[in-house]
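Report on one structure; see the data block that follows.
Both ligands and their constituent atoms are indexed starting at 1 by order of listing.
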Amino acid sequence: MSCDPLSLVHDGVRGLTPYQPGKPIEELERELGLSHIVKLASNESPLGPSPKARAMVQVCLDELSRYPDGGGTDLRGALAERHGVPGACITLGNGSNDVLELIARLFVSREHDVVFSEHAFAVYPLVTRAIGARAVATRAREWGHDLDAMADAIGEDTRLVFIANPNNPTGTWNDAESLEGFLDKVPDRVIVVIDQAYAEYVDAPGYADCIPWLSRYGNLIVTRTFSKAYGLAALRVGYSVSSPEIGELLNRVRQPFNVNSLALAAAVAALEDDEHLARSVAVNEEGMQQLRAGFDAMGIGYIPSVGNFLCFEVPRSAGDAGRVYTDLLHEGVIVRPVGGYGLPGHLRVTAGLEDENSLFLQALARVIDAR
Ligand SMILES: *Cc1c(COP(=O)(O)O)cnc(C)c1O
């Protein structure tokens, strides 16, 4: 008899579509034989990491035979100091994606609900369905999280709420007052994750670092990452800040060596280089302005974003977004389709360096004019 593995998994996994990452540069090179490719598809930092982080990786290459520090002592210490919390509040992950999954696995079983918003980060439905729990997606308001709708969606079986602030792929955000109002309403038995993957980029008045709120809300978990403004996406390192009690539980279910030595050392060095971080934020601000000005000049609409990316509307005259995405690939520019996020008429572009943004805008103009 032949084995039918699909019949052995639960409905959540049976209905699951794998995460669709941005197209790798090498893949496009291979497919189309292009050489000068601009990738603005995965919200990566165009500036890359701090040179000090790079240097630390070089040093670590001499110790590859050793297991990493499973406790991540130095990095957790540095993060605890940075955020003014005890080290026991910090849980490190192989990217913050790892921590998001650990949180879901720790608190959620098949009989539970997980609440998040329409157009929210794809990992939330993914980790929910992988467990076989019920995903409750609330309607967005002006593309962003409708916190009232999310509070209303919390029921007896709800264990977990995911809020991306700012959200990817929309770049929308919720202010401190509305978030605190939301947290005041949420029952203590519901864990609330506020995912601040892009916090370093945001300077909007009313936007808050939510970590100081942990003393007031025992059910709150804040997640952060080194993949975006710190430019270390390849190394996979992120973390959560929570109560020490939640930290202790997360520590029970994580893999003993879930963050590698190169990532641990590079993250410590990156955290010390505030100057580089400021440069990366400044380059992003310039890039975002350049993209907005370019879209405005072409009469192309976009969702207002406080992150390092913009979701723009593909003009009707240009045909469907999938065609424009493919045409841009032929121009050597990789952006990100967001149909899977319930945004079939949009594409997402990451702010790059000045010349990358120019190449993208010129390619987009050609692609649209050709239709
Ligand atoms: C990119 C991103 C993350 C995390 O990425 P990691 O590389 O796994 O740290 C988390 N949340 C959102 C909303 C993101 O866009």
Query raised in the report: Taking only residues two or more places apart in sequence, or in another chain, which ones meet Ser50 in a side chain to side chain donor-acceptor pair (under 3.5 Å)?
Result: Asp273
Report summary line: Close residues (non-hydrogen atom under 4.0 angstrom from ligand 1) work out to Gly95, Ser96, Asn97, Phe121, Asn168, Asp195, Ala197, Tyr198, Thr225, Ser227, Lys228, Arg236
Query raised in the report: Got Leu310 and Met288 here, is their nearest side-chain heavy-atom distance under 4.5 Å?
Result: yes
Query raised in the report: Is Glu331 salt-bridged to Arg366, going by a charged N under 4.0 Å from an acidic O?
Result: yes
Report task. Would you mind checking if Lys185 and Asp148 are paired as a salt bridge, meaning a charged N to carboxylate O distance below 4.0 Å? Result -> yes
Query raised in the report: In the hydrophobic clustering (ILVMFWY, side-chain contacts below 4.5 Å, transitive), which residues join Leu8, or is it alone?
Result: none
Query raised in the report: Rest of the hydrophobic cluster containing Trp173 (Ile/Leu/Val/Met/Phe/Trp/Tyr, side-chain heavy atoms under 4.5 Å)?
Result: Val202, Tyr207, Val306
